[in-house]
Amino acid sequence: MHSVTNSASIDDNNCDRKTARRKHKVKVTQPRSEVMGPVTAVLSEPKVVTGDHGFVLEDVPHLTDYIPHLPTYPNPLQDHPAYAVVEQYFVDMDDTIAQKIVVHANSPRGTHFRRAGPRQKVYFKSDEVHACIVTCGGLCPGLNTVIREIVGSLHDMYGVTRIEGIEGGYRGFYSRNTIPLTPKAVNGIHKRGGTIIGTSRGGYDNKKIVNSIEDRGINQVYIIGGDGTQKGASAIYEEVRRRGLKVAVVGIPKTIDNDIPVIDQSFGFDTAVEEAQRAINAAHVEAESNENCIGLVKLMGRNSGFIAMYATLASRDVDCCLIPESYFYLEGPGGLFEYIEKRIKENGHMVIVVAEGAGQDLVSESLRTNDAKDASGNKLLDDVGLWLSQKIKGHFKTKTEMEINLKYIDPTYMIRAVPSNASDNVYCTLLAQSAVHGAMAGYTGFTVGPVHGRECYLPFYRITEKQNQVVITDRMWARMLSSTNQPCFLNTKDIIESNMDEAPPTDRVTDNGFVTKETNAC
Ligand SMILES: Nc1ncnc2c1ncn2[C@@H]1O[C@H](COP(=O)(O)OP(=O)(O)OP(=O)(O)O)[C@@H](O)[C@H]1O
Ligand SMILES: O=P(O)(O)OC[C@H]1O[C@](O)(CO)[C@@H](O)[C@@H]1O
Ligand SMILES: [Mg+2]
């Protein structure tokens, strides 16, 4: 049991903010309101601290922002045998991470985020914590690892014993019993795909969810999910704050599509790219072994073609990669059919990778489909893989002398359902530990994630305001094009226009709320 210390004397967050105020100007902005799908939340004001030479800290909320004089306690990790020997294990309260690391001599210091990690003081006693974990949205490799590591971190680092799983996504808060999560219950789950607590789309009811949190006496909420989930988490945080509850609301970003902005990469993406190799290899083997054969592989990527682009780059067997960000056309000079014919004549076979969101305008134009949506309000996509297979077969049958063979592989759900690979497991561990350290330190209303390899606490609005997309005028896409030698399907005018649109390299928001992010171009 740790002794309670006086909040006025040792409150590192308050100290930190006082120091920050002395050093930097705190910019007070007006409260914002935002329509967040089913709810309109009045958003608390962002915490933005400015300093010398253009330094900006986009800070995250803290429980003491709306509950003053909370007691603090020494972090139990200081007595933990594994960590006690680590020099400077606790993160310095002034540590921040720069969003932009490519700078010039006269560049302003720019936007920074709060560095994640354990703090010297915590705002929860171990036996006071009642935590819950929920997973929402589509499956993604690593979900179970994050669950396991949150349980492990809470239990092994902070001595927390009351941890519950919310069953089946957001609706589980108000319609299901909870699942007790102990270290024993989660042992070994990282070797399994899926999520042991279940997931769902839709069913978001802000009031009912916060009522459930309040009624159950939950004071740490770990919410794992994609952009939709994080919007819901942000609205939960706002409602918790409006009610003045001592509840830390923490988001852990999940999406196999890698479309979450600011962070380096989302967990499960590495595994997905690796798993996609198996499908591409199979397509290549089929294509090579049959006469005039095309292996066509569909990969996930609703609005962003990251999986397709990276899987193509990794494989080197792919002759054409089609993604949502890059328009393509079938007929005529410079079109896909002309390129296929050329490749088959040259090589006798070819491999095409198509992201599920590619060419949706062409597909819906030709299939005349309606605008159906899933339970969360996401547009349901037409099957571009099947459509493309039929188009290619039809073209070669009716318009050419060439007889072709086409093998279509759709491994999408197989890729999503596998357990995470070793590197994603390590990544998930860091995310979970950082999330737990943040909640224990009293931070709330944040998403955790790496920026240039360092775990950070990011305000929800930075994660939810836009989605990440491949920049087709960036070097990474050029690398990909040069590996496949496919046509770029753009004329010079398109390229000039697209370059003229280009804002500074990070976070270029398009009309539809997507952010085009530089993909580690050097
Ligand atoms: N704007 C929103 N406000 C509140 N809740 C939302 C919002 N958008 C989605 N949600 C809820 O978040 C949950 C997950 O959303 P969604 O199905 O869009 O998946 P996601 O989190 O975006 O993950 P992914 O797209 O990677 O599968 C659902 O329960 C949905 O009702
Ligand atoms: O069929 P479901 O489960 O709704 O999920 C499909 C979608 O989920 C994702 O895997 C993640 O958003 C997308 O790539 C895909 O479009
Ligand atoms: Mg989503």
Side-chain angles (χ1 to χ4, degrees), residues 33-41 43 134-143 166-175 193-195 198-210 223-239 249 251-261 263 266-269 271-273 275-276 298-308 311 323-324 354-358 360 372-385 410-418 447 460-461 463-469 513-514:
S33 85
E34 188 174 286
V35 180
M36 311 200 69
V39 284
T40 303
L43 305 180
V134 63
T135 51
C136 311
L139 289 185
C140 179
L143 282 167
I166 304 297
E167 202 183 339
Y170 276 136
R171 61 166 60 92
F173 271 107
Y174 55 85
S175 63
T195 156
T199 185
S200 65
R201 297 194 189 275
Y204 183 85
D205 186 321
N206 183 272
K207 292 274 169 335
K208 283 189 186 170
I209 291 169
V210 181
I223 302 175
I224 313 169
D227 56 335
T229 307
Q230 301 301 317
K231 284 177 191 158
S234 173
I236 290 171
Y237 156 70
E238 296 293 347
E239 180 59 18
V249 180
I252 294 122
K254 171 244 49 141
T255 162
I256 200 171
D257 293 355
N258 199 31
D259 57 8
I260 298 203
I263 64 170
S266 48
F267 74 80
F269 175 71
T271 306
V273 171
E275 195 61 20
K298 184 176 82 171
L299 297 176
M300 278 191 172
R302 212 200 288 265
N303 300 303
S304 311
F306 288 105
I307 301 179
I323 61 169
V354 62
E356 62 176 339
Q360 283 297 311
K373 299 207 164 128
D374 70 15
S376 295
N378 302 301
K379 187 177 180 310
L380 284 173
L381 300 182
D382 294 311
D383 190 333
V384 65
D410 178 350
T412 44
Y413 288 106
M414 295 179 74
I415 287 174
R416 212 173 66 165
V418 299
T447 303
F460 276 133
Y461 65 86
I463 295 295
T464 56
E465 66 193 353
K466 51 215 169 189
Q467 272 181 306
N468 211 10
Q469 280 191 308
F514 288 94

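Every number for a ligand or one of its atoms is a count from 1 in the order of the listing. Predicted model, so just to flag it, every value in this text is computed and none were measured. Side chains are part of it too, since the values below use all heavy atoms of this structure and drop only hydrogens, waters and symmetry mates.
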**Student:** Any idea which heavy atoms bring P141 and V418 closest together, and the distance?
**Tutor:** CB-O, 3.4 Å
**Student:** Going by the order shown, which atoms of ligand 2 are within less than 4.0 Å of some heavy atom of M300?
**Tutor:**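 Result: 10 (O), 14 (O).
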**Student:** So, regarding S376 and ligand 1 (criterion: nitrogen or oxygen to nitrogen or oxygen, under 3.5 Å), is there a contact or not?
**Tutor:**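 Yes: some nitrogen or oxygen of S376 is under 3.5 Å from one in ligand 1.
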**Student:** For atom 16 (O) of ligand 2, find the nearest protein heavy atom and state the residue, atom name and distance (0.1 Å precision).
**Tutor:**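 Minimum-distance protein heavy atom for atom 16 (O) of ligand 2 reads E356 OE2, 2.6 Å.
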**Student:** Can you tell me which residue and heavy atom of the protein come closest to atom 11 (C) of ligand 2, and the distance to 0.1 Å?
**Tutor:** D257 OD2, 3.8 Å
**Student:** Mind checking whether R302 has a heavy atom under 4.0 Å from ligand 1?
**Tutor:**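 Yes.
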**Student:** Report yes if G225 has an N/O atom closer than 3.5 Å to an N/O atom of ligand 1; otherwise report no.
**Tutor:**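 No; every N/O pair is 3.5 Å or more apart.
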**Student:** Any side-chain to backbone donor/acceptor pair from Q467 onto P261? Under 3.5 Å, distance only.
**Tutor:** no
**Student:** Can you pull out the closest protein heavy atom to atom 4 (O) of ligand 2? Residue, atom name and distance to 0.1 Å, please.
**Tutor:**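 Result: R201 NE, 2.9 Å.
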**Student:** May I ask you to list the protein N, O or S atoms found at less than 2.8 Å from the Mg ion (ligand 3)?
**Tutor:**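 N, O, S partners closer than 2.8 Å: D227 OD1.
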**Student:** Kindly give the heavy-atom pair with the smallest separation between I323 and A308, and that separation in Å.
**Tutor:**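 Where I323 meets A308 most closely, the heavy atoms are CG2-CB, 3.9 Å.
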**Student:** Short list, please: which atoms of ligand 2 are under 4.0 Å from a heavy atom of G301?
**Tutor:** 14 (O)
**Student:** Between G203, G232, G202, flag the one that comes closest to atom 29 (O) of ligand 1 by a heavy atom.
**Tutor:** G202
**Student:** Run E356 and L299 through side chain to side chain contact (heavy atoms under 4.5 Å, CB included) and show every step you take.
**Tutor:** CA-CA 6 Å; E356 62 176 339; L299 297 176; over 6 Å; no
**Student:** Identify the protein heavy atom lying closest to atom 1 (O) of ligand 2, giving its residue, its atom name and the separation to 0.1 Å.
**Tutor:** Y413 OH, 2.4 Å
**Student:** D383: which residues meet the side-chain hydrogen bond (donor to acceptor under 3.5 Å, both in side chains) condition with it, sequence neighbours left out?
**Tutor:** K298, Y408
**Student:** Indicate the atoms forming the closest heavy-atom contact of I260 with T255, along with that distance.
**Tutor:**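 I260 and T255 have their closest heavy atoms at CG1-CG2, 3.3 Å.
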**Student:** Ignoring hydrogens and angles, state whether a donor on the side chain of T412 or D410 is under 3.5 Å from an acceptor on the partner side chain.
**Tutor:** yes
**Student:** For ligand 1, is any non-hydrogen atom under 4.0 Å from N206's backbone (N, CA, C, O), its side chain (CB onward), both, or neither?
**Tutor:** neither
**Student:** I need the atoms of ligand 1 closer than 4.0 Å to a non-hydrogen atom of N378, numbered in the order shown.
**Tutor:** 16 (P), 17 (O), 18 (O)
**Student:** Any donor-acceptor pair under 3.5 Å linking the side chain of Y170 with the backbone of S200?
**Tutor:**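 No; zero donor-acceptor contacts below 3.5 Å.
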**Student:** For the 3.5 Å polar cut-off, considering only N or O atoms, please tell me whether D374 and ligand 2 meet it.
**Tutor:**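 D374 vs ligand 2: no N/O contact under 3.5 Å.
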**Student:** Please determine whether side chain to side chain contact (heavy atoms under 4.5 Å, CB included) holds for the pair V210 and F173, giving the CA-CA distance in whole Å, both sets of side-chain angles, and the decisive distance to 0.1 Å.
**Tutor:** CA-CA 8 Å; V210 181; F173 271 107; over 6 Å; no
**Student:** Give the atom numbers and elements of ligand 1 that come within less than 4.0 Å of a heavy atom of G226.
**Tutor:**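 Result: 20 (P), 21 (O), 22 (O), 23 (O).
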**Student:** So C136 and I224, do their side chains get closer than 4.5 Å, heavy atoms only?
**Tutor:** no
**Student:** For ligand 2, which atoms have a heavy atom of I256 less than 4.0 angstrom away?
**Tutor:** 10 (O)
**Student:** Let me see the working for D227 and T464 under side chain to side chain contact (heavy atoms under 4.5 Å, CB included), right down to the final yes or no.
**Tutor:** CA-CA 6 Å; D227 56 335; T464 56; over 6 Å; no
**Student:** Does ligand 1 have an atom under 4.0 Å from some heavy atom of Q230?
**Tutor:** no
**Student:** Minimum distance, heavy atoms only, to atom 21 (O) of ligand 1: which one of T229, I223, T464, I224 is it?
**Tutor:** T229
**Student:** If you look at every heavy atom in Y204 and I236, which pair is closest and at what distance?
**Tutor:** OH-CG1, 3.4 Å
**Student:** Given R416, K254, K379, R302, which one has a non-hydrogen atom that is nearest to atom 6 (C) of ligand 2?
**Tutor:**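 Going through R416, K254, K379, R302 one by one, R416 has the nearest heavy atom to atom 6 (C) of ligand 2.
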**Student:** Mind checking whether Y237 and F460 have parallel, tilted or perpendicular rings, split at 30° and 60°?
**Tutor:** tilted
**Student:** Does G137, backbone or side chain, put an N or O under 3.5 Å from an N or O of ligand 1?
**Tutor:** no
**Student:** I want to know if ligand 1 touches G228 in the polar sense, i.e. an N/O pair below 3.5 angstrom.
**Tutor:** yes
**Student:** Between N468 and F306, which heavy-atom pair has the shortest distance, and what is it?
**Tutor:**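 Nearest pair, atom of N468 first, then F306: O-CE1, 3.7 Å.
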**Student:** If you take all heavy atoms of R302 and D257, which pair is closest and at what distance?
**Tutor:** N-OD2, 3.3 Å
**Student:** Under 3.5 Å between some N or O of ligand 1 and some N or O of D374?
**Tutor:** no
**Student:** Is it true that the side chains of T447 and Q230 contain a donor and an acceptor less than 3.5 Å apart?
**Tutor:**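 Their side chains do contain a donor-acceptor pair, which is all the 3.5 Å distance test asks for.
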